[in-house]
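A quick write-up on the structure given underneath.
Here, residue 1 is the first one in the sequence, and each next residue gets the next number. This is a predicted model, so every value here is computed, not measured.
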Amino acid sequence: MFSRAVRPTVSLARSLSTSSQNNAKVAVLGASGGIGQPLSLLLKNSPLVSHLSLYDIAHTPGVAADLSHIETRAQVTGHMGPDQLDAALQGCDVVVIPAGVPRKPGMTRDDLFNTNATIVATLADACARNCPEAMICIIANPVNSTIPITSEVMKKRGVYNPNRVFGVTTLDIVRANTFVAELKGLDPARVNVPVIGGHAGKTIIPLISNCTPKVEFPADQLSALTGRIQEAGTEVVKAKAGAGSATLSMAYAGARFTFSVLDAMNGKEGVVECAYVRSEETECKYFSTPLLLGKSGIEKNLGLGRLSAFEEKLVADAIDELKASIKKGEDFVANMK
């Protein structure tokens with residue numbers, strides 16, 4: 001039922017035959033950071049990208065110069081500081097935003113809110129002014145709030161298109177696939193677990209009952225597996241012991257989602273990814289579900305699907321937290337000067 005995007009190397013081979021269509025300008029905002037640098041490297045490696053526009057408040061010329069030496073077709077330009085933000089975004093087809101401060105030990109995604117909310121609002125406003133038709137892919141946490149922020153900013157500019165604004169939750173799917181594969185002795189490249197809800201703690205709802213191939217776990221193991229998927233970000237933060245958060249796996253997940261968006265824009269059919277988007281599927285204004293992607297963004301929201309009783313309870317338990325995070329994002333924009 002759910003397809004999954006292939007790894008960048010497979011994407012590379014698959015895309016060569018249609019390279020004449022692959023002339024996308026992709027911007028990475030926050031390109032010098034822990035996620036931005038490996039993400040930019042993966043994007044540079046893809047023939048789906050003809051121009052890679054890198055923006056950050058520091059070090060971008062060096063990152064751009066480094067990547068520009070790689071023997072792939074994408075032209076790389078580096079843009080640094082607020083004065084160069086507009087130039088970085090003009091003519092972009094896809095904008096990926098990993099900008100923001102990372103989580104540190106003991107810090108919740110909510111603790112990041114004020115700093116990252118301001119950063120995302122500023123960048124979303126620049127997107128609205130310079131590339132209002134672009135696909136906007138938000139990685140900056142807390143995604144449960146930064147997507148409502150992006151949406152409200154674009155509404156203020158009169159250019160909001162809910163089919164083109166995505167909260168990238170792909171890392172939750174990547175982790176779920178990996179953990180299930182480890183427990184069942186499967187090839188993780190052939191496992192697909194849809195993950196719905198949001199992108200923090202208990203709002204992350206892996207639908208193990210919808211896994212391909214079909215897998216089953218005893219109740220205690222299912223509960224432990226679900227908890228591990230929900231808290232996997234904290235697992236990395238603790239393991240890095242103050243040196244950062246999930247950067248490499250997030251870069252991989254961000255690239256996977258971006259490649260899926262580009263594939264769909266190029267006319268590939270049947271491209272499905274989960275993402276946190278404007279939604280009518282639950283009582284929350286925003287909710288992550290599997291989405292059929294097309295040339296203009298979301299072609300169809302595939303909904304929650306059939307849930308087990310365990311998963312129905314997870315959804316019910318997540319609603320209040322999601323609503324609060326959404327309201328927090330909307331209120332932030334409403335109160336902006």
Side-chain angles (χ1 to χ4, degrees), residues 19-33 35-37 39-68 70 72-100 118-140 146-147 149-168 254-255 257-259 261-266 293 295-297 333 336:
S19 60
S20 61
Q21 301 173 44
N22 302 333
N23 292 310
K25 181 177 180 181
V26 179
V28 179
L29 308 185
S32 301
I35 297 169
Q37 289 199 44
L39 171 61
S40 298
L41 172 61
L42 291 169
L43 295 174
K44 174 68 171 108
N45 194 43
S46 172
L48 294 166
V49 181
S50 60
H51 182 170
L52 187 58
S53 178
L54 307 181
Y55 172 82
D56 214 319
I57 57 172
H59 310 306
T60 335
V63 176
D66 197 355
L67 289 176
S68 72
I70 293 172
T72 57
R73 68 188 288 261
Q75 173 196 3
V76 183
T77 54
H79 309 266
M80 186 171 71
D83 292 346
Q84 296 182 19
L85 177 56
D86 287 358
L89 288 168
Q90 283 163 12
C92 283
D93 301 292
V94 178
V95 181
V96 191
I97 306 183
T118 301
I119 292 169
V120 169
T122 300
L123 297 178
D125 187 69
C127 290
R129 289 184 286 104
N130 292 284
C131 52
E133 296 296 311
M135 306 292 179
I136 311 296
C137 307
I138 305 288
I139 292 171
T146 55
I147 287 300
I149 287 170
T150 302
S151 301
E152 293 303 308
V153 168
M154 299 198 82
K155 283 178 190 175
K156 280 191 170 184
R157 289 283 180 183
V159 296
Y160 177 55
N161 183 339
N163 292 328
R164 293 174 180 260
V165 178
F166 304 93
V168 180
F257 185 79
T258 304
F259 294 143
V261 169
L262 290 169
D263 273 338
M265 290 172 71
N266 283 331
L293 302 178
K295 291 185 177 182
S296 300
V333 177
M336 279 173 55

Check your understanding: Residues in salt bridge (charged side-chain N to carboxylate O under 4.0 Å, His left out) with Lys156, at least two apart?
Key -> none
**Study point:** For the student: nearest non-hydrogen atoms of Met154 and Ala124, plus distance
**Key:** CG-O, 4.4 Å
Study note, to complete from the structure: Heavy atoms of Ala64 and Leu54 approach each other most closely as CA-CD1, 3.9 Å
**Study point:** For Ile97, the option from Ile139, Leu29, Thr150 that meets side chain to side chain contact (heavy atoms under 4.5 Å, CB included)
**Key:** Leu29
Review point. Distance from Leu41 atom CG to Leu52 atom CG, nearest 0.5 Å?
Key: 10.0 Å
**Study point:** For Pro162, side-chain contact (heavy atoms from CB on, under 4.5 Å) partners two or more places apart
**Key:** Tyr160, Arg278
Study note, to complete from the structure: Ile57 meets the side-chain contact (heavy atoms from CB on, under 4.5 Å) criterion, sequence neighbours left out, with Tyr55
Revision key, fill the gap. Here the pair of heavy atoms bringing Asp56 nearest to Gly33 is OD2-N, 3.7 Å
Study note, to complete from the structure: Rounding to 0.5 Å, atoms CG (Leu67) and NZ (Lys44) come to a distance of 7.5 Å
**Study point:** By side-chain hydrogen bond (donor to acceptor under 3.5 Å, both in side chains) - contacts of Glu152 (at least two apart)
**Key:** Lys155
Practice item. Would you confirm whether Lys295, through its side chain, and Ala264, through its main-chain N or O, come within 3.5 Å as a donor-acceptor pair? Key: no
Review point. Is the backbone of Ala134 close enough, under 3.5 Å, to the side chain of Asp93 for a donor and an acceptor to pair up by distance?
Key: no
Check your understanding: Are Val96 and Val26 close enough, and set up right, to give a side-chain contact (heavy atoms from CB on, under 4.5 Å), and what steps lead you there?
Key -> CA-CA 8 Å; Val96 191; Val26 179; 4.2 Å; yes
Practice item. Mark yes or no for whether Thr146, through its side chain, and Ala140, through its backbone, hold a donor-acceptor pair below 3.5 Å. Key: yes
Check your understanding: Say you draw a straight line from CG of Asn161 to CD of Glu133; how long is it, rounded to the nearest 0.5 Å?
Key -> 7.0 Å
Review point. How far apart are the C-alpha atoms of Thr118 and Met336, what are their side-chain angles, what is the distance that settles it, and do they pass the side-chain contact (heavy atoms from CB on, under 4.5 Å) test?
Key: CA-CA 9 Å; Thr118 301; Met336 279 173 55; over 6 Å; no
Study note, to complete from the structure: Hits for side-chain contact (heavy atoms from CB on, under 4.5 Å) against Ser50, two or more places apart or cross-chain, chain-then-number order -> Asn23, Arg73
Practice item. Would you confirm whether Asn130, through its side chain, and Leu89, through its main-chain N or O, come within 3.5 Å as a donor-acceptor pair? Key: no
Check your understanding: Can you tell if the side chain of Leu39 reaches within under 4.5 Å of the side chain of Pro98, non-hydrogen atoms only?
Key -> yes
Review point. Considering residues at least two apart in sequence or located in another chain, which fulfil the ring-ring contact (aromatic ring centres under 6.0 Å, His included) criterion with Phe166?
Key: Phe257
Exercise for review: Only pairs at least two apart or in different chains count here, so list each side-chain hydrogen bond (donor to acceptor under 3.5 Å, both in side chains) that has a residue in residues 75-85.
Suggested key: His51-Thr77, Ser53-His79, Thr77-His79
**Study point:** From Ile138 atom CD1 to Ile136 atom CD1, the distance as rounded to the nearest 0.5 Å
**Key:** 6.5 Å
Practice item. Locate the shortest heavy-atom distance separating Gln90 from Lys25; write the atom from each residue and the value. Key: O-NZ, 2.6 Å
Check your understanding: Under 3.5 Å, side chain of Asp66 to main-chain N/O of Gly62, donor-acceptor pair present?
Key -> no
Revision key, fill the gap. What one should report as the nearest heavy-atom pair of Ala31 and Val63 is O-CG1, 4.0 Å
Check your understanding: Between Leu48 and Ala24, which heavy-atom pair has the shortest distance, and what is it?
Key -> O-CB, 3.6 Å
Review point. Do Pro47 and Thr72 have side-chain heavy atoms sitting under 4.5 Å apart?
Key: no
Revision key, fill the gap. Residue set satisfying side-chain contact (heavy atoms from CB on, under 4.5 Å) with Ile119, at least two apart, ordered chain then number -> Ala99, Thr115, Asn116, Leu123
Point to revise | Test salt bridge (charged side-chain N to carboxylate O under 4.0 Å, His left out) applied to Arg129 - qualifying residues, sequence neighbours left out | key: Asp86, Asp125
Exercise for review: Could you tell me whether a side-chain N or O of Asn163 sits under 3.5 Å from a main-chain N or O of Gly297, the two making a donor and an acceptor?
Suggested key: no
